[in-house]
Amino acid sequence: RMDRLDLAFEDREVGVLTGDARPRGDAAEVLSIAEREVTSYVARGWSNERIAVERQVSPRTIANQLRAIYEKLGVTNRRQLVRAVTPRPT
């Protein structure tokens, strides 16, 4: 989630964007079961259409779920989503 914070310094105003960064392990806690399932299909490289067929919903439903997932995890695309939920090697 992004917020805008407007600050004033002497005679200048500055706008600052702030957001919360979530740790990788947090995805399981913030995503619903359906969102985790969609995320797992995205990680496999599946299209919205293929995911929709598998889940027996419309592709628009998948697009809506992806928007919610992106917002919850603070990402903006599929590549960032996969990175956000993939554990890093230790």
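Scanning for side chain to side chain contact (heavy atoms under 4.5 Å, CB included) contacts around A63 gives N48, R67, with sequence neighbours left out. Residues satisfying the salt bridge (Lys or Arg N to Asp or Glu O under 4.0 Å) criterion with R50, sequence neighbours excluded, are absent altogether. Partners of R55 according to the side-chain hydrogen bond (donor to acceptor under 3.5 Å, both in side chains) rule, which considers only residues two or more places apart in sequence or in another chain, are E37, Q65. For S40, the side chain to side chain contact (heavy atoms under 4.5 Å, CB included) test picks out R44, with sequence neighbours left out. In terms of the side-chain hydrogen bond (donor to acceptor under 3.5 Å, both in side chains) criterion, R79 has no residue partners (sequence neighbours excluded). When the side-chain hydrogen bond (donor to acceptor under 3.5 Å, both in side chains) test is applied to E54, no partner is found at least two apart in sequence or on another chain. Not counting sequence neighbours, the partners of S58 by the side-chain hydrogen bond (donor to acceptor under 3.5 Å, both in side chains) test are T61.
The ring pair (Phe, Tyr, Trp, His ring centres under 6.0 Å) contacts involving residues 48-81 comprise nothing, where partners must be two or more places apart or lie in separate chains. Residue pairs meeting the ring pair (Phe, Tyr, Trp, His ring centres under 6.0 Å) criterion with at least one member in residues 36-65, sequence neighbours excluded, are Y41-W46.
In the model, Q80 has a side-chain atom that pairs as donor or acceptor with a side-chain atom of T76 under 3.5 Å.
Shortest non-hydrogen contact noted between E35 and A68 is OE2-CB, 3.6 Å. The minimum heavy-atom distance between A84 and V75, with the atom names listed, is CB-CG1, 4.0 Å. In terms of heavy atoms, P59 sits closest to A52 at N-CB, 3.6 Å.
Between E71 atom CD and I69 atom CD1 the span is 11.5 Å, to the nearest 0.5 Å. For the atom pair E29 CD and R36 CZ, the distance stands at 10.0 Å (nearest 0.5 Å).
Using a 4.5 Å heavy-atom threshold, the side chains of L66 and T39 count as separate. V85 has its side chain within reach of L73: a pair of non-hydrogen atoms, C-beta onward, lies under 4.5 Å apart.
Cluster annotation: V38 is connected to V30 through the hydrophobic network of ILVMFWY side chains, with a link wherever side-chain heavy atoms come within less than 4.5 Å.
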